[in-house]
S.K.: 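Take this structure, written in structure tokens, and hold onto it; I'll ask about it next.
All residue numbers in this chain count up from 1 along the given sequence.
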Amino acid sequence: MKNENHVLLPEDTFTRQQAEAVADAYENIAIEDDQGSHFRMVVRHRIDGQMLWRGWDFEPQAGAELNKYIVSHGVSKE
């Protein structure tokens, strides 16, 4: 999903394919804690790498919360 030049997640739970599209679009967003059947998406500070927000793919409303940080802190690879 794109929104004003941002690659975003769906508002609720999200798939691995959706998460990979977001991770591929930003320098400071990644899939971490990959358990195979589930994983965590993490937004990190662009300078010091500290975690700003994280959400598991299966959490209700995880995409909505992550999208707030993607829009405000995501560093596009383009």
Side-chain angles (χ1 to χ4, degrees):
M1 172 188 315
K2 277 196 160 208
N3 180 9
E4 298 179 27
N5 298 321
H6 295 285
V7 178
L8 300 174
L9 296 164
E11 295 292 306
D12 201 25
T13 61
F14 49 89
T15 67
R16 182 175 301 277
Q17 183 178 11
Q18 292 165 326
E20 287 171 348
V22 170
D24 288 345
Y26 298 95
E27 294 179 13
N28 61 327
I29 300 173
I31 294 172
E32 297 183 4
D33 295 328
D34 193 340
Q35 304 295 312
S37 62
H38 58 276
F39 57 91
R40 188 168 71 167
M41 196 82 189
V42 177
V43 179
R44 295 193 172 276
H45 189 274
R46 66 182 185 89
I47 296 173
D48 63 19
Q50 288 189 341
M51 184 173 54
L52 298 172
W53 195 258
R54 52 81 191 121
W56 290 98
D57 62 311
F58 58 83
E59 289 180 297
Q61 299 298 309
E65 294 301 316
L66 280 161
N67 286 340
K68 293 175 189 176
Y69 284 86
I70 291 168
V71 169
S72 62
H73 296 285
V75 178
S76 177
K77 289 182 179 177
E78 293 181 8

S.K.: Over all heavy atoms of both residues, which pair between Ile29 and Gly74 is shortest? Give the atoms and the distance, please.
M.R.: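 Shortest heavy-atom separation between Ile29 and Gly74 comes out as CD1-CA, 4.2 Å.
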S.K.: What is the minimum heavy-atom distance between Val42 and Glu32, and which atoms define it?
M.R.: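 Heavy-atom minimum between the residues: CG2-OE1, 3.5 Å.
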S.K.: Under 3.5 Å, side chain of Asp33 to main-chain N/O of Phe39, donor-acceptor pair present?
M.R.: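 Flag not set: sc Asp33 to bb Phe39 has no pair under 3.5 Å.
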S.K.: Atom CZ of residue position Arg46 - does it have more than 12 heavy atoms of other residues, nucleotides or ligands inside 6.0 Å?
M.R.: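 It does not: Arg46 CZ has 12 such atoms or fewer within range.
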S.K.: Does one hydrophobic cluster hold both Val71 and Phe14, with members joined at side-chain heavy-atom distances below 4.5 Å?
M.R.: yes
S.K.: Please name the pair of heavy atoms, one in Lys77 and one in Asp24, separated by the smallest distance, quoted to 0.1 Å.
M.R.: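 Distance-wise, the nearest heavy atoms are CD-O, 3.1 Å.
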S.K.: Given side chains that start at C-beta, do those of Glu11 and Asn67 come closer than 4.5 Å, heavy atoms only?
M.R.: yes
S.K.: Counting only heavy atoms not in Gln35, do more than 12 sit closer than 6.0 Å to its CD atom?
M.R.: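 Yes - once you tally the heavy atoms of other residues, nucleotides and ligands closer than 6.0 Å, there are more than 12.
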S.K.: Could you pull out the closest heavy-atom pair between Ala30 and Ala23, with the gap in Å?
M.R.: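 Minimum heavy-atom contact is CA-CB, 4.2 Å.
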S.K.: Do the rings of Phe58 and His38 sit parallel, tilted or perpendicular, given the 30° and 60° boundaries?
M.R.: perpendicular
S.K.: Taking side chain as C-beta onward, heavy atoms only, is Gln18 less than 4.5 Å from Asp57?
M.R.: no
S.K.: Looking only at heavy atoms, which two atoms of Asp12 and Gln61 are closest? And how far apart?
M.R.: OD1-N, 2.7 Å
S.K.: Ignoring hydrogens and geometry, is there a side-chain-to-backbone donor-acceptor pair from Tyr26 to Val7 under 3.5 Å?
M.R.: yes
S.K.: Determine whether Ile31 and Arg40 make a side-chain contact, defined as any pair of heavy atoms from C-beta on separated by less than 4.5 Å.
M.R.: no
